[in-house]
Amino acid sequence: MAMPFEFSTAARILFGEGKLREAPAAAAAMGRRALLVTGVPPELAAPLVAGLEAAGVACLPLPVAGEPTIEMVRRGNEYARAERCDLVIGMGGGSAMDAGKALAAMLANPGDPLDYLEVIGRGQLLKQPSAPFIAIPTTSGTGSEVTRNAVLASPQHRVKASLRGSSMLPRLAVVDPELTLGLPPDVTASTGLDALTQLIEPYVGLRANPMTDLFCVEGVRRAASALPRVWEDGGDRQARTDMAWASLLGGLALANAGLGAVHGFAAPVGGMFPAPHGAACAALLPHAIAVNIQALRARAPASQALGRYAEVARLLTGRSHATAEDAVSWTSEICKRLEIPPLRAYGVAESDIPGLVEKAAQASSMKGNPIVLTPQELRQIIERAI
Ligand SMILES: [Zn+2]
């Protein structure tokens, strides 16, 4: 456990059913012309739009379909500048929130997204703080409402890379579980398992700290109980609230303690294949846990990560004598129950394994993994997830 530590998050968080109604007044204190980046059907955004207009904030809509690309941010930035926007709102899943977060950064900084993008860009620092940004999640999964990076795809490079900066943290996060009531079961399943992954990886990882540990323990317990309920009945308000809470906790944890092998693979898989982020994470999760435990037992039997996996297993199963390996069986079972398809469903084939292993080994998330995995071990993870 790293002590001392640093912790930072969104300046303000509003959580609970109906909290969306408080967003317009908060927005009016930040600007007069809002770029509204949405990834949701217009009827879901309509109450927000009406509230903003009533509060004297003009709404410039920018609907986005799918995960944001560099080109989409370029075009959105031209639009936002032409319309003299002074505030950005991202409402939707991780894609819309990340698009909004990237646009808030580009609105305040000169140049092109590639000037600032990691890995495939020039990686320059964002000198100016982002324009005020409000994040409103409509899924319970990414935690993007409290993270300081935006993941952008470059279809040309077939990779995803982050725009990152401490001033990219949202000014306000509005987490209203009511917005998730209408999600279809497959989205509920994949985003929910992403949330669970984002609670397990920071907890067992190298950068865990005492504050993120609190969030992870609470979040894993909530998600374990709520995931089966929300799958059976998407209208279960208590289960939806529990998942929104778990997702927020995962975001708080990952933004401050990093991730691990699942996300190390999810980046190249998502860049090369049309697999939604949550679905890729879900398919990888049990296998990454299994291989990590096996590697720790073989090469670092004294690592405290083994005790942490056992704690995760106790939280997942509710059994006080659960062992680390029980975390593997519990996560495999929930993936089956929630009908998570293997990665081959998105076109990932045997022949892609060497390339994916190479890219995953370089991924920034892999640095948080509790042990450095060998290429053979990385191969085992992806082989089993296909
Ligand atoms: Zn994730």
Side-chain angles (χ1 to χ4, degrees), residues 39 66-68 90 92-99 101 118 135 137-153 159-164 173 175 180 183 186-205 207 212 215-216 219-220 223 227 243-289 292 312 331 334-335 338 340 343 346 356 359-360 363-369 381-382 385:
E67 298 183 343
S95 298
M97 286 190 287
D98 278 11
K101 204 187 289 175
E118 294 176 350
T138 60
T139 64
S140 293
T142 69
S144 172
E145 66 274 16
V146 288
T147 68
R148 71 197 80 188
N149 67 308
V151 181
L152 304 185
V159 292
K160 288 182 180 177
S162 271
L163 206 61
R164 193 183 304 272
V175 185
T180 67
L183 287 177
D186 60 330
V187 178
T188 298
S190 59
T191 53
L193 281 159
D194 184 27
L196 181 65
T197 307
Q198 295 177 170
L199 289 156
I200 295 176
E201 293 205 299
Y203 186 64
V204 300
R207 291 173 52 210
T212 55
F215 297 150
C216 293
V220 170
L227 265 174
M243 284 312 299
W245 174 223
S247 174
L248 172 63
L249 292 170
L252 294 169
L254 82 89
N256 291 280
L259 292 161
V262 173
H263 281 82
F265 271 111
V269 168
M272 293 168 67
F273 302 93
H277 172 74
C281 288
L284 287 155
L285 178 63
H287 312 298
I289 297 177
N292 268 340
V312 167
T331 49
I334 195 82
C335 284
L338 272 54
I340 296 298
L343 293 179
Y346 305 102
L356 287 170
K359 283 183 180 157
S364 59
S365 293
M366 199 59 89
K367 295 188 186 83
N369 202 59
I381 295 176
I382 189 74

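Numbering of ligands and ligand atoms starts at 1, following listing order.
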Could you please spell out the steps behind the side chain to side chain contact (heavy atoms under 4.5 Å, CB included) verdict for L343 and I382? CA-CA 9 Å; L343 293 179; I382 189 74; 3.8 Å; yes
Report the C-alpha separation of V269 and K160 in whole Å, then their side-chain angles, then the decisive distance to 0.1 Å, and conclude whether the side chain to side chain contact (heavy atoms under 4.5 Å, CB included) test is met. CA-CA 9 Å; V269 168; K160 288 182 180 177; over 6 Å; no
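Using modelled atom types, one finds no donor on one side chain facing an acceptor on the other under 3.5 Å when comparing T212 with N256.
P137 meets the side chain to side chain contact (heavy atoms under 4.5 Å, CB included) test with M97, E145, V175; sequence neighbours excluded. With sequence neighbours left out, F215 forms a ring pair (Phe, Tyr, Trp, His ring centres under 6.0 Å) with F7.
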Which side-chain N or O atoms in residues 277-284 pair as donor and acceptor under 3.5 Å with protein atoms at least two apart or in another chain?
| residue | atom | partner | partner atom | Å |
| --- | --- | --- | --- | --- |
| H277 | NE2 | D194 | OD1 | 3.2 |
| H277 | NE2 | D194 | OD2 | 3.4 |
| H277 | NE2 | H263 | NE2 | 3.2 |

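By the criterion of a separation under 2.8 Å, the protein N/O/S atoms near the Zn ion (ligand 1) amount to D194 OD1, Q198 OE1, H263 NE2, H277 NE2.
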